[in-house]
2 protein chains.
Amino acid sequence: MEGTPTSRAERRRRTEERILSAARAIFAERGFQRTTIRAVAAAAEVDPALVMQYFGSKQDLFDQAVRIPSIPPLDGELEPVEELLGRIGMKMGPLPEATLAMMRSMLTHPDAAEEVRGKLDGQVAHLADAIGTGDAELRAALMVSTMLGVTIAHQLLGLTALRGASPERIAEALRPSLRALADG
Amino acid sequence: MEGTPTSRAERRRRTEERILSAARAIFAERGFQRTTIRAVAAAAEVDPALVMQYFGSKQDLFDQAVRIPSIPPLDGELEPVEELLGRIGMKMGPLPEATLAMMRSMLTHPDAAEEVRGKLDGQVAHLADAIGTGDAELRAALMVSTMLGVTIAHQLLGLTALRGASPERIAEALRPSLRALADG
DNA sequence: CAATTCACTCAACGGCTGTTGACTCAACGA
DNA sequence: TCGTTGAGTCAACAGCCGTTGAGTGAATTG
């Protein structure tokens with residue numbers, strides 16, 4: 001009926017995306033070590049060997065599945081602290097699976113640890129520039145660490161007191177705390 | 001020369017402690033999954049089978065090595081927020097290896113996750129009582145999450161900006177932020 | 001001293017894992 | 001139409017892991 005609904009290139013594209021999607025989900029749920037090529041393949045309804053053939057190794061699969069689009073934080077235009085405080089809510093909402101996978105693995109997978117550390121160091125430097133005064137770097141690091149801790153407690157650990165709270169309420173309650181760090 | 005420097009009971013006690021110590025160190029450094037009975041045995045200079053014989057299973061070894069003395073938080077006497085803020089410094093200093101092992105594993109080992117979640121929930125409830133007003137539980141949870149985040153960033157991830165900072169400086173910089181959460 | 005207990009070792013099993021190479025067969029190009 | 005490409009499968013290998021059971025020899029007990 002249709003003229004080739006499944007070209008070879010199309011099929012390949014879709015299968016690759018199915019594998020990447022399954023990988024993201026399972027990496028986010030179980031972390032790097034406990035994620036199995038076989039489990040990813042099963043979730044993608046594909047033979048395990050195909051995953052290897054397409055992505056080379058488990059580590060390569062992790063790299064490609066979990067690579068974050070990495071929206072550069074508006075380089076050049078120095079985002080003021082105020083606007084960052086306004087964005088808190090977004091960071092509390094449902095995060096991309098790639099980010100969750102990274103965070104899930106960062107304490108037990110050295111590569112993930114280095115990747116996250118690098119990204120956080122970048123955020124710290126960016127924030128410290130916007131703050132400027134005295135021990136800006138330390139306070140910026142504490143702001144980033146705070147966001148990290150709340151995200152972990154909320155999304156990864158599921159602290160009881162946070163499980164029912166909406167991103168907006170969390171962001172609102174958190175704002176004075178972060179402002180106290182941003183100022184002196 | 002000496003009269004029985006090594007009684008049977010003594011030898012056993014020391015060997016057990018050697019195994020537990022090695023287990024704590026490796027669990028803290030690599031987390032549950034990546035820790036090998038063989039690696040623990042090697043570090044304790046003992047046959048892997050002996051670890052099994054003494055502790056039953058890897059999970060049991062983890063439980064016993066990582067069990068925290070669990071100083072009850074002075075039940076009965078409601079510790080005021082002020083005193084807790086004073087204790088921040090201690091929590092930033094070198095933590096017991098058992099605690100580090102627990103934290104290292106909490107994102108990838110369900111049992112560790114539940115244990116940590118339970119402990120943190122307890123701290124939240126305790127703190128919320130001391131706060132009292134309005135949405136005390138949410139703000140208490142954010143205080144605990146902040147401490148968690150800073151500890152992770154400092155001890156487990158090694159954020160560059162935090163690596164050179166003394167516990168006292170971190171505690172001092174953090175205090176206004178936590179006070180903002182404790183008040184309205 | 002003889003019998004027993006027990007700390008400790010040795011060698012192996014069975015399962016799971018990442019990874020590989022040979023194979024099948026439908027889509028493709030000439 | 002026919003040879004080639006390439007998506008996808010199948011079966012297996014090799015290594016590591018938790019765990020086990022039989023064994024050894026020194027400390028203990030009577």
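Throughout, protein chains are lettered first and strands after them, A, B, ... in sequence-line order, and every chain is numbered starting at 1. Worth knowing before you read on, the calculation uses all heavy atoms, side chains too, and leaves out hydrogens, waters and symmetry mates. Because the structure is a prediction, the values reported are computed rather than measured.
One finds no side-chain N or O of A/T15 lying less than 4.0 angstrom from the OP1 or OP2 phosphate oxygen of D/dA7. For A/R11 and D/dG8, the shortest distance from a side-chain N or O to OP1 or OP2 is below 4.0 Å.
Between the CZ atom of B/R13 and the P atom of C/dC6 there is a distance of 18 Å, given to the nearest Å. Taking atom CZ on A/F62 and atom P on C/dG18, their separation rounds to 14 Å, with Å as the unit. Between A/D60 atom CG and C/dG18 atom P there is a gap of 14 Å when expressed in whole angstrom units. In this structure, A/Y54 places its OH atom 19 Å from C1' of C/dG18, rounding to the nearest Å. Nucleotide D/dG18 holds its P atom 10 Å from the CG atom of B/L61, rounded to whole Å. Computed from coordinates, the A/M52 CE to D/dT9 P distance equals 15 Å when rounded to whole Å. Note: CD (B/Q59) to C1' (D/dC17) measures 16 Å, nearest angstrom. Taking atom NZ of residue B/K58 and atom C1' of nucleotide D/dT20, one finds them 18 Å apart after rounding to whole Å.
Within residues 32-51 of chain B, the residues having any heavy atom under 4.0 Å from DNA chain D are, by residue number, B/T35, B/T36, B/I37, B/R38, B/A49.
With salt bridges taken as basic N to acidic carboxylate O contacts below 4.0 Å, none links A/R104 and A/E97.
Relative to the ring axis of B/F27, B/K58 does not place its NZ or CZ within 45° and under 6.0 Å from the centre.
The stretch residues 132-148 of chain B participates, sequence neighbours left out, in these salt bridge (Lys or Arg N to Asp or Glu O under 4.0 Å) pairs: B/D135-B/R139.
Mapped onto DNA chain C by nearest heavy atom, B/R12 and A/S57 fall at different nucleotides, with B/R12 at the one closer to the 5' end.
With A/T15 as the partner, the side-chain hydrogen bond (donor to acceptor under 3.5 Å, both in side chains) test is satisfied by one option alone out of A/R11, A/R18, A/R13: A/R18.
Side-chain contact between B/L148 and A/L148 is absent, with no heavy atoms from C-beta onward closer than 4.5 Å.
The shortest non-hydrogen separation linking B/M92 to B/V150 is CE-CG1, 3.4 Å.
Remark: B/S57 OG to B/M52 CE distance equals 6.5 Å, nearest 0.5 Å.
Across all strands, A/F55 comes closer than 4.0 Å to no nucleic acid atom at all (heavy-atom distances).
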